> 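Supplied in structure tokens, the structure appears directly below.
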Amino acid sequence: MGRQYHVPIVADYHDINGPIDAVSICTPTITHAEIASHFLNNGIHTFVEKPITFSLEEADTLIKIAAQKNLKLQVGHVERFNSAFTTIEPIAQNPLFIECHRLNLFPNRSLDIGVVMDLMIHDIDIILGLVKSPIKDIQAVGINVLTDKEDIANIRLTFANGCVCNVTASRISPEVTRKIRIFTKNAYISLDYVKQEANIYSKDERGIHKKNIPIEKEEPLKKELEHFLDCVREDQRPKVSGVEGREALKVALEITQKIWEHRQSIL
């Protein structure tokens, strides 16, 4: 890999030296805080994969260091950069009801966290960005199948403004599904993240009409990393900064706690 891209390879991140402007951290969640704080403390702009850290205290530390040193801290919530989502986002404001399904094959990775922190957190971040209202109630159930963490989870979020969201995530599905359905006062939007396709159903006096939304398909991860580098070059605030990453983590941790409290109550 190093020869292919003409870059040096080291076994320990402490051995990375030289004139480095930015790093991308794609390691197990439990190591995010240690590695990210190392680079931030050394004045290096940092992109860290989701979830931002394993705990809120660790997230707060990274946010504080980045602010003190005037560095960019971006969290890898890649669906924010999916062309299908960026296309429908302007017309998906003030949702009344949201339904998400995120099903994946068993990953054999990220097994230090459950499916809520691993997969569902993507939808949590999207929902928080769309609803923009405090969460009033969380109902959550989940079961572990192949690991000691929850592998399947279903939640219902109720927001202060009345919006309700149903979210299902699984990492033991035989196929990959990543879809979101958004209901507003006058329209219903259906989006497929994998296919990068979206349809809008609207109503008028003649009935309900379906319209395909034109989308220029692009690689979300490439757009996400380009955005990070642009923020570094142009001194802009990342679309998903440490603050947004922390908010998604906070909700994910609350959901995980609810799941295991429910499991204990029925055992």
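FYI, side chains are in, hydrogens and waters are out, and symmetry mates aren't considered; it's all heavy atoms of this structure. In this text the structure is predicted, and so the values were computed from the model without any measurement.
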> Is it the case that over 12 heavy atoms from other parts of the model lie below 6.0 angstrom from the NZ atom of Lys132?
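Yes, enclosed.
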> With clusters defined by side-chain heavy atoms of hydrophobic residues (ILVMFWY) lying less than 4.5 Å apart, directly or transitively, does Ile143 cluster with Leu146?
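Hydrophobic grouping puts Leu146 with Ile143.
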> With the side chain counted from C-beta on, respond yes when Phe106 and Val145 share a heavy-atom pair under 4.5 Å apart, and no when they do not.
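No, every pair of side-chain atoms sits at 4.5 Å or beyond.
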> When you look at CG of Asp21, are more than 12 heavy atoms from neighbouring residues, nucleotides or ligands closer to it than 6.0 Å?
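Atom CG in Asp21 is not crowded, with 12 or fewer foreign heavy atoms closer than 6.0 Å.
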> Between Ser83 (side chain only) and Glu216 (backbone N and O only), is there a donor and an acceptor less than 3.5 Å apart?
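Confirmed, Ser83 side chain pairs with Glu216 backbone.
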> Just wondering, do Gln196 and Asn82 contact through their side chains at under 4.5 Å, heavy atoms?
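Heavy-atom side-chain distance check passes, below 4.5 Å.
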> Checking Trp260 against Asn144 for the side-chain contact (heavy atoms from CB on, under 4.5 Å) test, could you report, in this order, the C-alpha distance in whole Å, the side-chain angles of both residues, the deciding distance, and whether it holds?
CA-CA 10 Å; Trp260 291 101; Asn144 59 307; 3.9 Å; yes
> Short question: side chain of Asp112, backbone of Ile30 - any donor-acceptor pair under 3.5 Å?
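Present.
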> Just verifying a value: how many Å separate His122 NE2 and Met117 CE, rounded to the nearest 0.5 Å?
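Interatomic distance, His122 NE2 to Met117 CE, rounded to 0.5 Å: 12.5 Å.
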> Do Asn154 and Gln139 touch side chain to side chain, with heavy atoms closer than 4.5 Å?
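Heavy-atom side-chain distance check fails, nothing below 4.5 Å.
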> Got a sec, which residues hit ring pair (Phe, Tyr, Trp, His ring centres under 6.0 Å) with Phe159, two or more places apart in sequence or on another chain?
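Result, ring pair (Phe, Tyr, Trp, His ring centres under 6.0 Å) vs Phe159: none returned.
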> If I take atom CG from residue Leu40 and atom NZ from residue Lys64, how far apart are they, to the nearest 0.5 angstrom?
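Reported value, rounded in 0.5 Å steps: 13.5 Å.
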> Do Phe81 and Leu225 have side chains that get closer than 4.5 Å, going by heavy atoms?
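No, their side chains stay 4.5 Å or more apart.
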> For the residue pair Val115 and Ser170, establish whether any side-chain heavy-atom pair is separated by less than 4.5 Å.
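No, too far: nothing below the 4.5 Å cut-off.
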> Stepwise, does the side-chain contact (heavy atoms from CB on, under 4.5 Å) test hold for Lys149 with Ile113?
CA-CA 7 Å; Lys149 309 283 194 303; Ile113 53 178; 6.0 Å; no
> I'd like to know if Ile155 and Ile98 are part of one continuous hydrophobic network [Ile/Leu/Val/Met/Phe/Trp/Tyr, side-chain heavy atoms within less than 4.5 Å].
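In one cluster with Ile98: Ile155, yes.
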> Side-chain heavy atoms nearer than 4.5 Å, only ILVMFWY residues, links allowed to pass through others: does that put Leu191 and Leu103 together?
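Leu191 and Leu103: separate clusters.
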> Give the other cluster members for Ile208, using side-chain heavy-atom distances under 4.5 Å between Ile, Leu, Val, Met, Phe, Trp and Tyr residues; answer none if it is isolated.
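Ile208 clusters with Phe97, Val164, Phe183, Tyr188, Tyr201.
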> Between Ile63 and Val23, is there a shared hydrophobic cluster once you connect ILVMFWY residues whose side-chain heavy atoms come closer than 4.5 Å?
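The answer is yes; both residues are in one hydrophobic cluster.
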> Looking only at side-chain N and O atoms, does Ser241 offer a donor or acceptor that is under 3.5 Å from a partner on Glu244?
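Present: a donor and an acceptor within the cut-off.
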> Determine, stepwise, if the pair Thr184 / Asn94 fulfils side-chain contact (heavy atoms from CB on, under 4.5 Å).
CA-CA 7 Å; Thr184 66; Asn94 303 311; over 6 Å; no
> Is the side chain of Asp125 donor-acceptor paired with the backbone N or O of Ile121 at a distance under 3.5 Å, no angle test?
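Here the side-chain-to-backbone pair does not exist.
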> Give me the atom names and distance for the closest heavy-atom approach of Gly43 to Leu71.
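Nearest pair, atom of Gly43 first, then Leu71: O-CD2, 3.6 Å.
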> Side-chain contact, heavy-atom cut-off 4.5 Å: Arg80 with Ile126?
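Yes; the side chains approach each other to less than 4.5 Å.
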> Taking the side chain as every heavy atom from C-beta outward, state whether Phe47 and Val240 have any pair of such atoms under 4.5 Å apart.
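Not touching, per the 4.5 Å side-chain cut-off.
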> Is the terminal nitrogen or CZ of Lys72 (NZ for Lys, CZ for Arg) located under 6.0 angstrom from the six-membered ring centre of Phe228 and within 45° of that ring's axis?
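Not flagged: Lys72 not positioned over aromatic ring of Phe228.
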> Begin with the C-alpha distance, continue with both residues' side-chain angles, and end with the deciding distance and a verdict on side-chain contact (heavy atoms from CB on, under 4.5 Å) for Asn161 and Lys136.
CA-CA 9 Å; Asn161 66 359; Lys136 183 179 178 181; over 6 Å; no
> Going by atom types only, do Thr147 and Asp151 share a side-chain donor-acceptor pair under 3.5 Å?
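The answer is yes; a qualifying pair exists.
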> What distance separates Ile91 CD1 from Ile200 CD1, expressed to the nearest 0.5 Å?
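The CD1 atom of Ile200 is 4.0 Å from CD1 of Ile91, to the nearest 0.5 Å.
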> With distance as the sole test, does His227 use its side chain to make a donor-acceptor pair with the main-chain N or O of Lys239 at under 3.5 Å?
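Yes; at least one donor-acceptor contact below 3.5 Å.
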> State plainly whether one hydrophobic cluster holds both Leu221 and Ile215, where clusters connect Ile, Leu, Val, Met, Phe, Trp and Tyr through side-chain heavy atoms under 4.5 angstrom apart.
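Result: no, two separate clusters.
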> Roughly how far apart are Asp137 CG and Leu157 CG, rounded to 0.5 Å?
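Output value for this atom pair is 8.5 Å.
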> Between Lys50 and Glu79, does any side-chain N to carboxylate O distance fall below 4.0 Å?
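Looking at Lys50 and Glu79, the cut-off is not met.
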> Ignoring hydrogens and geometry, is there a side-chain-to-backbone donor-acceptor pair from His32 to Ile25 under 3.5 Å?
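No; zero donor-acceptor contacts below 3.5 Å.
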> Phe39 and Ile16: which non-hydrogen atoms are nearest, and at how many Å?
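Minimum heavy-atom contact is CZ-CD1, 4.0 Å.
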> Are the charged groups of Glu254 and Lys258 less than 4.0 angstrom apart, N to O?
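So Glu254 does not pair with Lys258 through a salt bridge.
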> Considering non-hydrogen atoms only, spot the tightest contact between Thr53 and Ala59 and give its length.
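Minimum heavy-atom contact is OG1-N, 3.2 Å.
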> Taking all heavy atoms of Glu218 and all of Pro220, pick out the closest pair and write down the distance.
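Glu218 and Pro220 have their closest heavy atoms at O-CD, 3.1 Å.
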> Only one of Thr168, Thr177, Asp123 clears side-chain hydrogen bond (donor to acceptor under 3.5 Å, both in side chains) with Arg102; which?
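Running side-chain hydrogen bond (donor to acceptor under 3.5 Å, both in side chains) over Thr168, Thr177, Asp123 with Arg102 returns exactly one hit, Asp123.
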> What is the distance from atom CD1 of Ile182 to atom SG of Cys165, rounded to the nearest 0.5 Å?
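Those atoms lie 9.5 Å apart.
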> Would you indicate whether Asp60, at its atom CG, is surrounded by more than 12 heavy atoms from other residues, nucleotides or ligands within a distance under 6.0 Å?
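Yes.
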> Kindly indicate whether the side chain of Leu229, heavy atoms from C-beta on, has any atom under 4.5 Å from the side chain of Glu226.
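No. Closest side-chain heavy atoms not under 4.5 Å.
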> Within the distance-only criterion (no hydrogens, no angle test), does the side chain of Lys179 pair as donor or acceptor with the backbone N or O of Ser190 below 3.5 angstrom?
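Answer holds: no.
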> How many angstroms lie between NZ in Lys210 and OG in Ser202, if you round to the nearest 0.5 Å?
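The OG atom of Ser202 is 12.5 Å from NZ of Lys210, to the nearest 0.5 Å.
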> Do you know the tightest heavy-atom contact between Ile127 and Val167?
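That closest heavy-atom pairing would be CD1-CG2, 3.6 Å.
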> Counting neighbours of NZ on Lys217 that are heavy atoms of other residues, nucleotides or ligands and sit closer than 6.0 Å, is the number greater than 12?
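Yes, enclosed.
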> Verify whether one side chain among Asn166 and Arg156 offers a donor that lies under 3.5 Å from an acceptor in the other.
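Arg156 and Asn166 do have a side-chain donor-acceptor pair below 3.5 Å.
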> Would you name the heavy atoms of Cys231 and Pro238 that are closest together and state the gap between them?
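Heavy-atom minimum between the residues: SG-CA, 3.6 Å.
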